[in-house]
Structures are given as C-alpha cells and as structure tokens.
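Positions are given from 1, in the same order as the sequence printed here.
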Amino acid sequence: MSNQIIRDHKRRLLVAKYELERMQCKAISRHKNLPNQIRYEYFLKSSKLPRNSSRTRVRNRCIFTGRPRSVYKLFRLSRIVSRELAFKGSLIGINKSCW
C-alpha cells in the first residue's frame, strides 16, 4: 500500500469519528436565533477539531493503484484498473462490447 492510501484511510476514520460533533457545532454556530456569544463559542469549538476530520480533506483514490484522478465513486476503482478488470472478466456483469 502506498503512503497516500494509508493517509486517506486515516482521514476517513477521523471523518467518521468526528462527524456528529462537527455537524452539531456547525448547526449551532449557524443558527440565527441564538445569541452571538453561544454561536461564537461553538464556532471556536468546531475550529479546534482536527483538520483531517473535515469531509473535504478526503480524496477518492483507487484502492488498487492509489490514483487520485478519474476514480469511479461506486467501485473506488480508477478507469484504467476497471478497464483491465473488465477485459479479464473479473468484473461480474461487465464485458467488452461488440457490434
């Protein structure tokens, strides 16, 4: 496994761990009917969470090669790997088209 895949996996675990807390802080800090002091406290609390626990830090990577671009979200495979697996017949239900 490459270092980038390991780093991405750690980020995914952090996102799952802090997801609820981040959503609560975000909702309270954006609530217009609450006093500004409380909103500001929750804004500071959300800024003290780890940076890698943010959803935007997660990068979709191919699970075989670690390639960051042209990755199908559903399969987490890059277009190159999915093409190779389709030609080999390893992907069920996908075959080379012919007409």
Side-chain angles (χ1 to χ4, degrees):
M1 271 194 176
S2 69
N3 195 19
Q4 290 122 351
I5 297 174
I6 294 169
R7 208 177 313 146
D8 186 59
H9 182 68
K10 287 180 183 178
R11 284 182 181 150
R12 287 178 189 273
L13 293 177
L14 272 175
V15 167
K17 182 179 178 182
Y18 288 102
E19 182 179 18
L20 183 62
E21 189 175 348
R22 184 174 289 278
M23 285 176 53
Q24 288 174 346
C25 290
K26 198 173 186 179
I28 291 173
S29 66
R30 290 185 176 183
H31 198 277
K32 299 288 184 186
N33 295 336
L34 293 175
N36 286 338
Q37 181 64 28
I38 294 174
R39 290 174 56 197
Y40 186 67
E41 286 175 15
Y42 276 91
F43 171 74
L44 290 178
K45 188 176 179 182
S46 67
S47 66
K48 290 180 182 176
L49 293 174
R51 286 187 179 177
N52 284 337
S53 68
S54 175
R55 191 87 171 139
T56 58
R57 290 267 184 143
V58 175
R59 178 79 175 167
N60 288 329
R61 290 189 176 272
C62 176
I63 55 176
F64 288 110
T65 60
R67 181 181 167 88
R69 296 186 179 182
S70 68
V71 175
Y72 298 122
K73 276 187 181 179
L74 184 63
F75 305 113
R76 289 183 62 190
L77 296 174
S78 68
R79 62 179 175 82
I80 299 165
V81 173
S82 62
R83 183 175 183 266
E84 289 174 0
L85 291 175
F87 284 156
K88 289 179 186 176
S90 299
L91 296 176
I92 299 170
I94 298 175
N95 57 355
K96 189 173 184 296
S97 64
C98 56
W99 59 88

Dump the intermediate steps for side chain to side chain contact (heavy atoms under 4.5 Å, CB included) on S54 and R22, then the final yes or no. CA-CA 8 Å; S54 175; R22 184 174 289 278; 4.3 Å; yes

As an exercise, state the distance from CE of M23 to CD1 of I28, rounded to the nearest 0.5 Å. 11.5 Å

Checking S46 side chain against F43 main chain: does a donor-acceptor pair fall under 3.5 Å? yes

From the options R7, R12, R11, select the one residue that forms a side chain to side chain donor-acceptor pair (under 3.5 Å) with N52. R11

Going hydrophobic residue to hydrophobic residue with side-chain gaps under 4.5 angstrom, can you get from V81 over to L74? yes

Between R39 and L34 the two heavy atoms that sit nearest each other are CD-O, 3.6 Å

Before giving the answer on side chain to side chain contact (heavy atoms under 4.5 Å, CB included), spell out for I6 and K10 the whole-Å C-alpha distance, their side-chain angles and the decisive distance to 0.1 Å. CA-CA 6 Å; I6 294 169; K10 287 180 183 178; 4.0 Å; yes

Which atom pair, heavy atoms only, marks the closest approach of P50 to Y18? CG-CE1, 3.7 Å

Check against side chain to side chain contact (heavy atoms under 4.5 Å, CB included), T65 and I80: CA-CA 10 Å; T65 60; I80 299 165; over 6 Å; no

To the nearest 0.5 Å, tell me how far N33 CG sits from I38 CD1. 12.0 Å

What heavy-atom pair brings V15 and V58 nearest, and what distance separates the two atoms? CG2-CG2, 3.7 Å

Atom pair CZ (R79) and CD (E84), whose distance is rounded to the nearest 0.5 Å: 11.0 Å

Test C62 against every option in S78, P68, S70 by the side chain to side chain contact (heavy atoms under 4.5 Å, CB included) rule and name the one that passes. S78

F64 and Y72: same hydrophobic cluster, using ILVMFWY side-chain contacts below 4.5 Å? yes

Give me the atom names and distance for the closest heavy-atom approach of I63 to F75. CD1-O, 4.4 Å

Working to the nearest 0.5 Å, report the span between CG of L20 and SG of C25. 9.5 Å

Is the backbone N or O of K73 less than 3.5 Å from a side-chain atom of N60, with the two atoms forming a donor-acceptor pair by type? no

Please give me the minimum heavy-atom distance between L91 and A86, naming the atom from each residue. CD1-N, 4.1 Å

Where do R67 and R69 come nearest, in terms of heavy atoms and distance? NE-O, 3.2 Å

What verdict does the side chain to side chain contact (heavy atoms under 4.5 Å, CB included) test give for K45 and Y42, after you've listed the backbone C-alpha separation in whole Å, the side-chain angles of each residue and the deciding distance to 0.1 Å? CA-CA 5 Å; K45 188 176 179 182; Y42 276 91; 4.3 Å; yes

